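What you see is a predicted model; the values in this text were computed from it and never measured.
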Amino acid sequence: MKTLARFVLGLVILDAAVAAPTLESINYDSETYDATLEDLDNLYNYENIPIDQAEIEIATVMPSGNRELLTPPPQPKEAQEEEGEEESTPRLIDGSSPQEPEFTGVLGPHTNEDFPTCLLCTCISTTVYCDDHELDAIPPLPKNTAYFYSRFNRIKKINRNDFASLNDLRRIDMTSNLISEIDEDAFRKLPQLRELVLRDNKIRQLPELPTTLTFIDISNNRLGRKGIKQEAFKDMYDLHHLYLTDNNLDHIPLPLPENLRALHLQNNNILEMHEDTFCNVKNLTYIRKALEDIRLDGNPINLSKTPQAYLCLPRLPIGSLV
């Protein structure tokens, strides 16, 4: 058995030896290996190669993702200049150019000294502030003025055209000026006027006022017997506050609007009051709910003499009872 195994193993070894490739001798090029270090330096020295013999390849490495790079064609000089001008112009998100601002009249109309009103005063939206500027006249106002303040100045007169064509004007406050004269048509043609404040002036007579007023303050002036027209406040259905303190009035201006809430007449010369000044003597059930604030203190009137005049009021007037 051992002899058979040895015989099979010998056959396998013989077969492997026959199948192995034939060994051939390898010849090495000794010229390269025999070269010195100086020869190697000359072999790889590119500085001595003439330019016309050198083959230099310039290439651009493409980015990953196989994306194609597009190089725009050269543009003429004029096109480049136009492009530069366009780039200097700001663009909106949608690519359109913003409109250039219109500077015509941006500071409002000019005064008599050829000075823009909104540079002399302060204009914020539709409000014009001209307080404490030593003005002696009302400056021309922008057409959209809704609120005008000109307090603590030296204005002596309100002319007819000072507020002409200001259809949006809602409030005028000219406290602490030197106003002694007001043109009869100064306020009449203001369709939106709601509040008029002219306290601390020298006004002797009020002009015709628009019926749209809700707030009037003419305190500390020189209004006398003829300073207020008859029935001046009759048709002012929305008038809520009427302040006429510190004048020379000798009577309460009648009739008073039904919706009036506050009537201040202190420090005048009012001597008497009638029973129908506030109430309706023909209708004892009539109640005047709105009029809760009546000031008559500082007048030479004895309120205790006319008790029937207060029956319809929610509160008694403030004043002297002796």
Side-chain angles (χ1 to χ4, degrees), residues 131 148-158 171-182 186-187 193-236 238-274 277-279 288 290-306 309-310 313-322:
D131 295 341
F148 175 61
Y149 297 87
S150 182
R151 299 166 290 195
F152 312 107
N153 285 295
R154 300 177 179 179
I155 299 173
K156 297 181 179 180
K157 181 180 179 180
I158 299 178
R171 179 181 177 91
I172 298 174
D173 189 344
M174 299 183 67
T175 299
S176 296
N177 278 270
L178 303 175
I179 301 172
S180 59
E181 183 179 355
I182 304 175
F187 306 125
L193 190 62
R194 296 291 186 270
E195 301 178 11
L196 180 62
V197 181
L198 299 174
R199 63 179 301 128
D200 301 332
N201 281 282
K202 299 179 180 181
I203 301 171
R204 295 182 179 276
Q205 186 172 3
L206 286 179
E208 183 175 349
L209 302 176
T211 58
T212 55
L213 287 170
T214 62
F215 184 97
I216 299 175
D217 188 354
I218 319 290
S219 300
N220 195 21
N221 277 276
R222 299 178 181 179
L223 297 176
R225 175 183 292 271
K226 298 181 179 180
I228 300 177
K229 299 181 182 297
Q230 291 185 356
E231 301 184 346
F233 310 111
K234 178 182 178 181
D235 296 327
M236 297 184 184
D238 295 325
L239 182 63
H240 297 153
H241 297 80
L242 179 59
Y243 298 149
L244 299 170
T245 66
D246 296 286
N247 280 281
N248 296 318
L249 298 174
D250 60 0
H251 66 283
I252 298 176
L254 298 175
L256 297 172
E258 187 67 26
N259 293 322
L260 189 66
R261 301 174 185 174
L263 174 64
H264 288 191
L265 292 166
Q266 60 264 42
N267 301 325
N268 279 280
N269 293 318
I270 299 175
L271 298 172
E272 60 181 0
M273 182 187 304
H274 302 286
T277 298
F278 302 115
C279 301
R288 192 164 196 160
L291 191 55
E292 296 183 346
D293 183 12
I294 302 176
R295 296 287 302 273
L296 289 168
D297 45 314
N299 286 275
I301 183 176
N302 186 352
L303 298 182
S304 63
K305 292 183 177 182
T306 54
Y310 323 125
L313 299 177
R315 294 181 182 178
L316 292 174
I318 297 175
S320 176
L321 297 176
V322 292

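- Judged by distance alone, the side chain of Asp250 and the main-chain N or O of Ile270 form no donor-acceptor pair under 3.5 Å.
- Counting heavy atoms from C-beta outward, Thr212 and Arg194 have side chains that approach closer than 4.5 Å.
- Just one of Thr175, Asn177, Asp131, Asp200 meets the side chain to side chain donor-acceptor pair (under 3.5 Å) condition when paired with Arg151; it is Asp131.
- In terms of modelled atom types and a separation under 3.5 Å, the side chain of Asn221 and the main chain of Lys202 share a donor-acceptor contact.
- Between the side chain of Ser176 and the backbone N or O of Phe152 there is no donor-acceptor pair closer than 3.5 Å.
- In the model, Asn268 has no side-chain atom that pairs as donor or acceptor with a side-chain atom of Asn299 under 3.5 Å.
- Of all the heavy atoms in Asp235 and Thr211, the pair that sits closest is O-CB, 3.7 Å.
- If you take CG on Asp297 and CG on Asn267, they are separated by 6.5 Å, rounding to the nearest 0.5 Å.
- Considering every non-hydrogen atom in both Tyr310 and Cys279, the closest pair reads C-SG, 4.3 Å.
- A heavy-atom distance below 4.5 Å is found between the side chains of Pro255 and Glu231.
- The two residues Met174 and Ile155 make their nearest non-hydrogen contact at CE-CD1, 3.6 Å.
- Taking the side chain as every heavy atom from C-beta outward, Ile252 and Leu263 approach each other to under 4.5 Å.
- Here Leu223 contributes atom CG and Ile218 contributes atom CD1; the two are 7.0 Å apart, rounded to the nearest 0.5 Å.
- At distances below 3.5 Å, not a single donor-acceptor pair connects side-chain atoms of Asp246 with backbone N or O atoms of Arg199.
- Counting only heavy atoms from C-beta outward, the side chains of Val197 and Phe215 approach each other to under 4.5 Å.
- Two residues are said to be in side-chain contact when any heavy atoms from C-beta on lie closer than 4.5 Å; Met236 and Leu242 fail this criterion.
- Separating the CD1 atom in Ile203 from the CD atom in Glu181 is a distance of 11.0 Å, to the nearest 0.5 Å.
- In this structure, Gln205 has no side chain to side chain donor-acceptor pair (under 3.5 Å) partners at least two apart in sequence or on a different chain.
- Atom CG of Asn220 sits about 12.0 Å away from atom CG of Leu198, to the nearest 0.5 Å.
- Leu271 and Ile301 make their closest contact through O-CG1, 3.6 Å (heavy atoms, listed as atom of the first residue, atom of the second, distance).
- The closest side-chain heavy-atom distance from Phe233 to Leu260 is not below 4.5 Å.
- Taking every heavy atom of both residues into account, Met273 and Leu296 meet most closely at CE-CD1, 3.3 Å.
- Residues Phe187 and Leu213 are not in side-chain contact: their nearest non-hydrogen atoms beyond the backbone lie 4.5 Å or more apart.
- No option in Leu244, Thr245, Asn201 other than Thr245 meets the side-chain contact (heavy atoms from CB on, under 4.5 Å) test with Ser219.
- A donor and an acceptor atom, one from each side chain of Asp293 and His264, are located under 3.5 Å apart.
- Within 6.0 Å of atom CZ in Arg295, more than 12 heavy atoms from other residues, nucleotides or ligands are found, so the atom counts as buried in its surroundings.
- When the shell of 6.0 Å around NZ of Lys234 is examined, it contains 12 or fewer heavy atoms from other residues, nucleotides or ligands.
- Considering CD1 of Ile228 and CG of Leu209, their distance stands at 9.0 Å, rounded to 0.5 Å.
- Ser150 approaches Asn153 most closely through the heavy-atom pair OG-ND2, 3.1 Å.
- Atoms NE2 and CG, on His240 and Asn259 in that order, are 5.5 Å from each other to the nearest 0.5 Å.
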